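Shown next, in structure tokens, is the structure this report addresses.
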Amino acid sequence: VQLQASGGGSVQTGDSLRLSCLASGRTFSNYAVAWFRQAPGKEREFVAAISLSGSTTTYADSVKDRFTISRDNAKNTVYLEMNSLKPEDTAVYFCAARSWVVRSRPAEYDYWGQGTQVTVSS
């Protein structure tokens, strides 16, 4: 499956952004999808993940209650709605997919998008 992330940008503290991850190539509903992010000089970290049907979601503590992950399998797209953005949310955001079961470690994901930059200024 091929993934294409989009929707990043430069915003102010407290603003919102919605990222999209468009999938192609295989049956999208067979894949769990996650968002990760990587800030300069830091390791890639888990942000959120969603199960095949969208019934189960999981979040990093740092984004819980601010970010919402969702998916539309008819459109082969996963979304990450980001509210109340903070400067520490600044990073390149990647979407990733793996067969069936949600996981939270980057090494457990087989397919990756190219990343989209999110910059939050104070």
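Quick caveat: nothing in here was measured; it's all calculated off a predicted structure.
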Can you check side chain to side chain contact (heavy atoms under 4.5 Å, CB included) on Thr77 and Phe28, steps first, answer last?
CA-CA 8 Å; Thr77 303; Phe28 182 59; 5.7 Å; no
Evaluate the ring pair (Phe, Tyr, Trp, His ring centres under 6.0 Å) criterion for residues Phe36 and Trp112: first the C-alpha distance (whole Å), next the side-chain angles of each, then the deciding distance (0.1 Å), finally the verdict.
CA-CA 10 Å; Phe36 293 85; Trp112 289 83; 5.1 Å; yes
Does the side chain to side chain contact (heavy atoms under 4.5 Å, CB included) test come out yes or no for Val102 and Ile50, once each step is laid out?
CA-CA 7 Å; Val102 168; Ile50 190 164; 5.9 Å; no
Please lay out, stage by stage, how Arg18 and Leu80 fare under the test side chain to side chain contact (heavy atoms under 4.5 Å, CB included).
CA-CA 6 Å; Arg18 188 177 78 160; Leu80 184 68; over 6 Å; no
Please walk me through it: do Leu19 and Tyr79 pass side chain to side chain contact (heavy atoms under 4.5 Å, CB included)?
CA-CA 6 Å; Leu19 305 184; Tyr79 304 99; over 6 Å; no
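Residues Tyr59 and Val47 fail the side-chain proximity criterion, which asks for heavy atoms closer than 4.5 Å. In this structure the side chain of Phe67 never reaches within 4.5 angstrom of the side chain of Asn83, judged on heavy atoms. Contact annotation: the side chain of Val118 never approaches that of Thr90 to less than 4.5 Å [non-hydrogen atoms, C-beta and beyond]. Between Ser20 and Val78, the closest side-chain pair of non-hydrogen atoms is not below 4.5 Å.
Across every non-hydrogen atom of Val92 and Gly115, the tightest pair is CG1-CA, 3.8 Å. Between Ser84 and Asp89, the shortest heavy-atom contact is O-OD2, 4.4 Å. Heavy-atom minimum distance, Glu45 versus Arg37: OE2-NE, 2.5 Å. For the residue pair Val1 and Ser24, the shortest heavy atom distance occurs at CG2-O, 3.2 Å.
The main-chain N or O of Thr56 is found under 3.5 Å from a side-chain atom of Ser51 such that the two form a donor-acceptor pair.
Cation-pi geometry between Arg71 and Tyr31 is not met: the NZ or CZ atom fails to fall both under 6.0 Å from the ring centre and inside 45° of the normal.
More than 12 heavy-atom neighbours from other residues, nucleotides or ligands sit within 6.0 angstrom of CD on Glu88.
Side-chain contact, Ser29 with Asn73: no donor N or O sits under 3.5 Å from an acceptor N or O. If you check the side chains of Arg98 and Tyr109, you find no donor sitting under 3.5 Å from an acceptor. For the residue pair Thr119/Gln117, the side-chain donor-acceptor check at 3.5 Å is satisfied.
The distance from the CG atom of Asn30 to the CG atom of Leu52 is 6.5 Å, given to the nearest 0.5 Å. Atom CZ in Arg44 sits 5.0 Å away from atom CD in Gln38 (nearest 0.5 Å). The line from OG1 of Thr68 to CZ of Arg66 is 11.0 Å long, rounded to the nearest 0.5 Å. Note: Met82 CE to Tyr93 OH = 5.5 Å, rounded to the nearest 0.5 Å. Atom CG of Leu17 is separated from atom CG of Leu85 by 5.5 Å, given to the nearest 0.5 angstrom.
Salt bridge status for Asp61 with Lys64: present, with a side-chain N to carboxylate O gap under 4.0 Å.
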